[in-house]
Undergrad: 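Quick one: the structure is below, questions incoming.
Quick note: numbers below take in every heavy atom, side chains included, and nothing from hydrogens, waters or symmetry partners. Naming convention: chains lettered A, B, ... in sequence-line order (proteins, then strands); numbering from 1 in each chain.
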Amino acid sequence: MTHDPASAPASSGSSGQDAPAVSRDFIREMIDKDMAAGRYGGRVHTRFPPEPNGYLHIGHAKSICLNFGVAREYGGKCNLRFDDTNPAKEETEYVEAIKADVRWLGFEWDGPERYASDYFGQLCEYAEALIAKGKAYVDSQTADQIRDTRGTLTEPGVASPYRGRSVEENLDLFRRMRAGEFPDGSHVLRARIDMAAPNMVMRDPVLYRIRRARHHRTGDAWCIYPLYDFAHCLSDSIEGITHSLCTLEFENNREIYDWLLAELGVYRSRQTEFARLNITHTVLSKRKLIQLVQGGHVRGWDDPRMPTLSGLRRRGYPPEAIREFCARVGMSRAAGTVAEYGLLEFCVREALNRTSPRIMAVLDPVRVVIENYPEGRTEWFEMPYFPEEGGGAPASWTGPETRAVPFGRELLIERDDFREDAPKKFFRLAPGREVRLRYAYFVTCTGVVKNEAGEVTEIRCVYDPATQGGDAPDGRKVKGTLHWVSAAHGVPARARLYEHMFAAAAVDAPEGGDFTDTLNPGSLRIAQARLEPAVADAKTGDVVQFERLGYFRVDEDSRPGNLVFNRTVTLKDAWARAEQKAGS
RNA sequence: UGGGGUGUAGCCAAGCUGGUUAAGGCAAUGGGUUCUGACCCCAUGACCGAGGGUUCAAAUCCUUCCGCCCCAGCCA
């Protein structure tokens with residue numbers, strides 16, 4: 001998809017397989033202007049720059065969709081660059097996971113993946129150039145002293161006693177830092193800017209520190225490492241990035257970004273910030289996600305309850321749904337806004353509705369006996385995998401159009417679908433009421449069997465043979481249609497049912513307190529389900545709709561004969577909502 | 001209390017070089033359709049953080065105030 005100014009707010013993509021339509025946001029408008037003004041030679045070159053210190057989550061997806069999306073729209077390029085300047089935190093395991101996640105989301109970077117560590121040599125040269133200009137010096141204060149003399153938000157800082165060192169001395173010291181002559185923490189390289197700058201970032205920021213730690217790529221080749229402020233702008237410059245898009249918390253850093261590129265006289269990329277993504281009912285900060293994993297609140301980074309891309313993938317969220325969500329949330333500079341989780345779910349349902357075959361499964365079975373149905377008889381009904389009204393099977397579907405479903409005298413239906421004492425608006429099964437068993441017969445409840453505890457253990461019904469296939473020749477209608485599974489044929493399976501991890505948004509969590517206090521203890525529930533036999537051989541990664549219940553994906557824990565499904569998302573349930581409203 | 005940002009319906013978000021009936025989506029509600037109470041279709045909502053001012057005319061310009069976010073890591 002190339003950018004065509006003449007049809008700017010384009011969303012015309014009628015193929016339906018395109019990236020989601022993206023509206024003009026302030027970033028794209030800025031790029032439009034840059035293009036019109038001929039800046040950067042008409043190039044657009046972005047980058048997605050994660051630090052390989054953890055797994056990507058849906059917040060990163062917003063940035064990925066932006067950076068790769070913009071590049072695609074303008075016929076430009078997008079690099080994947082690992083911001084690996086802090087060896088203490090970074091690991092190869094994460095770079096591999098990040099690459100896989102970006103690809104899964106549907107994007108491919110231009111050329112090989114880059115690393116800030118690729119530029120360590122060049123960065124050192126830039127540092128020396130800065131020293132030579134008198135714009136950087138080696139400070140030999142302790143970390144505490146540097147902090148104590150930085151001043152406060154309202155008071156200026158105090159110059160370091162080492163601020164006046166000569167260029168020669170600074171150059172010598174810096175080279176010896178690099179050569180490994182000094183212990184960790186004994187010296188740092190600082191920019192010489194302004195200790196009274198109102199922007200704290202500009203009070204002689206530290207550019208390099210001595211840190212003897214094994215780097216995941218460069219090993220022990222280096223003992224000094226650049227900091228973000230020094231490495232990021234110069235990495236952008238080296239790669240010829242035109243638009244350096246990052247989140248709002250880096251706004252204050254833009255000044256040092258511009259300052260360094262200007263002082264060094266190198267190619268100047270331009271930083272633009274946008275608001276990071278927040279979503280209700282979950283947390284999106286790396287720190288908190290780590291706590292969830294390490295605190296044992298979830299099974300791991302790819303727990304289906306996690307907002308990590310690996311978790312969402314395992315849960316069954318299709319990448320196109322995540323892209324669509326990012327497109328719908330939009331871009332702005334308003335911080336602290338929180339997207340509703342419901343929007344994400346809407347996007348997931350929208351994507352899955354088109355592509356998921358339907359089958360019947362019962363999550364909470366109760367036995368139904370059809371008194372007038374012959375004992376030992378089994379009928380097989382051919383049922384479509386895709387509803388005809390929805391246009392039938394999608395192009396991507398390579399399986400059969402239908403499957404055979406066995407019906408017999410004893411069935412299992414959803415416990416929720418029966419009510420002994422049912423209100424008028426309850427369209428399902430109840431004593432004396434007739435409903436349709438999907439694609440099979442109309443049945444009427446004649447009574448129930450209970451155990452000593454008073455629980456219904458069996459529902460007795462009679463069926464109308466004339467309604468075979470699910471329609472009454474006399475034209476009579478029923479309000480309810482229930483899904484069902486033959487008791488004799490139902491395949492046992494576990495279904496993991498998920499709920500929100502948190503009651504509200506992470507941003508609503510009290511600061512300081514332990515946010516895990518607000519964890520939903522019921523975020524995972526396991527149902528012993530019974531499925532129609534057609535899905536007995538479902539394989540990991542398969543996604544199906546359990547009719548009337550939701551979309552389910554076969555988990556990696558699943559084994560033949562021991563199936564495990566994750567409920568990706570429920571279907572909208574107007575009845576449950578109405579009842580809930582009436583109840584409360 | 002320094003600096004940098006930001007504030008449009010329940011949520012996200014256009015519009016902001018002044019004049020539009022203040023886009024669109026999600027949610028909600030009502031209705032239609034329906035062998036998934038799903039999908040689909042139709043309908044319903046804001047006077048733009050607050051107060052002044054400029055103007056024939058302001059969400060859009062000026063001003064004052066209020067709220068919220070970010071910055072005092074040798075993290076990114």
Side-chain angles (χ1 to χ4, degrees), chain A residues 9 23-26 49-51 53 83 85-86 88-89 139 141-143 146-148 150-157 184-185 187-190 196-203 205-211 224-225 227-229 231-232 246-255 273 275 280 286 325 327-347 349-350 353-354 358 360 383 387 389-390 425-428 436-440 442 469-471 477-483 505 507 545-550 570-578:
Chain A
S23 65
R24 297 280 98 188
D25 49 58
F26 75 98
E51 180 184 14
N53 71 341
D83 225 335
T85 57
N86 186 354
K89 291 186 173 182
D139 194 347
Q141 295 183 106
T142 65
I146 288 176
R147 173 164 30 78
D148 293 343
R150 188 159 9 235
T152 69
L153 296 178
T154 52
E155 306 160 52
D184 287 9
H187 308 276
V188 291
L189 183 71
R190 283 232 257 177
N199 180 357
M200 299 292 291
V201 172
M202 298 300 276
R203 318 245 264 227
V206 174
L207 270 19
Y208 265 94
R209 78 284 220 182
I210 303 172
R211 176 97 103 227
I224 60 171
Y225 292 93
L227 276 90
Y228 170 86
D229 280 325
H232 202 90
C246 63
T247 46
L248 244 31
E249 61 267 32
F250 292 102
E251 263 180 308
N252 298 316
N253 302 267
R254 189 173 64 234
E255 195 175 353
E273 312 84 17
T280 59
K286 204 167 280 182
F325 171 71
R328 284 182 187 247
V329 164
M331 283 291 155
S332 79
R333 291 177 58 83
T337 63
V338 187
E340 286 181 349
Y341 201 96
L343 177 60
L344 212 205
E345 292 188 320
F346 168 83
C347 294
R349 292 189 185 106
E350 186 187 48
N353 181 42
R354 297 193 298 263
R358 270 111 243 242
M360 294 197 292
M383 303 188 188
E389 320 84 74
K425 300 289 258 180
F426 184 81
F427 301 148
R428 285 111 95 139
R436 169 169 36 235
L437 294 178
R438 182 148 231 229
Y439 296 121
F442 283 12
D471 277 307
K477 302 287 186 192
V478 287
K479 287 291 280 182
T481 298
L482 310 185
H483 60 277
V507 292
Q545 183 194 98
F546 288 2
E547 291 217 48
R548 304 212 298 139
L549 297 173
T570 61
L571 256 31
K572 271 176 63 177
D573 188 344
W575 166 245
R577 181 173 297 285

Undergrad: Please check the phosphate of B/A76 (OP1 and OP2 only) for any side-chain N or O of A/K286 closer than 4.0 Å.
TA: no
Undergrad: Measure the OG1-CZ distance between A/T481 and A/F442 for me, rounded to the nearest 0.5 Å.
TA: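 Spacing of OG1 (A/T481) from CZ (A/F442) equals 7.5 Å.
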Undergrad: Round to a whole Å and report the spacing from CD of A/E273 to C1' of B/A76.
TA: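 Spelled out: CD on A/E273 to C1' on B/A76 is 15 Å.
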Undergrad: Starting at atom CG of A/N253, determine the distance to atom P of B/G5, rounded to an integer number of angstrom.
TA: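 Taking CG of A/N253 and P of B/G5, I get 14 Å after rounding.
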Undergrad: Would you compute the distance between atom CE of A/M200 and atom CG of A/N252 and round it to the nearest 0.5 angstrom?
TA: 10.5 Å
Undergrad: Checking side-chain hydrogen bond (donor to acceptor under 3.5 Å, both in side chains) against A/H483, which of A/R438, A/R548, A/R358 comes through?
TA: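 Running side-chain hydrogen bond (donor to acceptor under 3.5 Å, both in side chains) over A/R438, A/R548, A/R358 with A/H483 returns exactly one hit, A/R548.
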Undergrad: Once you round it to whole Å, what is the distance between P of B/G73 and CD of A/E249?
TA: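 Nearest whole value for this atom pair: 17 Å.
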Undergrad: In whole Å, what is the span from the CZ atom of A/R428 to the C1' atom of B/A38?
TA: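 Interatomic distance, CZ of A/R428 to C1' of B/A38: 12 Å.
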Undergrad: What's the closest nucleotide to the side chain of A/V206 if the choices are B/C75, B/C74, B/A13?
TA: B/C74
Undergrad: Whole angstroms only, please: what is the CZ-P distance between A/F250 and B/A76?
TA: 9 Å
Undergrad: Can A/W575 be classed as stacking with the base of B/G37, given a centroid separation cut-off of 5.5 Å and a plane angle cut-off of 30°?
TA: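 Here the ring of A/W575 and the base of B/G37 are stacked, with centres under 5.5 Å and planes under 30°.
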Undergrad: With rounding to the nearest 0.5 Å, note down the distance linking CG in A/L549 to OG1 in A/T570.
TA: 9.5 Å
Undergrad: Is B/G73 in the syn or the anti form, by the rule that syn lies within 90° of 0?
TA: syn
Undergrad: When you measure from the side chain of A/N353, which nucleotide among B/C69, B/C39, B/A38 comes out closest?
TA: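 Comparing B/C69, B/C39, B/A38 against the side chain of A/N353, the answer is B/C39.
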Undergrad: Across the strands shown, which category fits A/A143 at heavy-atom distances under 4.0 angstrom: base, sugar-phosphate, nothing?
TA: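 Base: the residue A/A143, judged by heavy atoms under 4.0 Å, touches a nucleobase.
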Undergrad: Could you tell me how far apart A/R577 (CZ) and B/G10 (C1') are, to the nearest whole angstrom?
TA: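 Atom-to-atom, A/R577 to B/G10, this comes out as 13 Å.
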Undergrad: Would you check if A/F427 stacks with the base of B/G37, given a 5.5 Å centroid limit and a 30° plane limit, both strict?
TA: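 Yes, A/F427 stacks on the base of B/G37.
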Undergrad: What is the separation between atom CE on A/M360 and atom C1' on B/A38, rounded to the nearest whole Å?
TA: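 In whole Å, B/A38 C1' lies 15 Å from A/M360 CE.
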Undergrad: Could you give the CZ-to-P distance, from A/R349 to B/A38, as a whole number of Å?
TA: 11 Å
Undergrad: Closest nucleotide of RNA chain B for A/T481 versus for A/L343: which of these residues is on the 5' side?
TA: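 The 5'-side residue here is A/L343.
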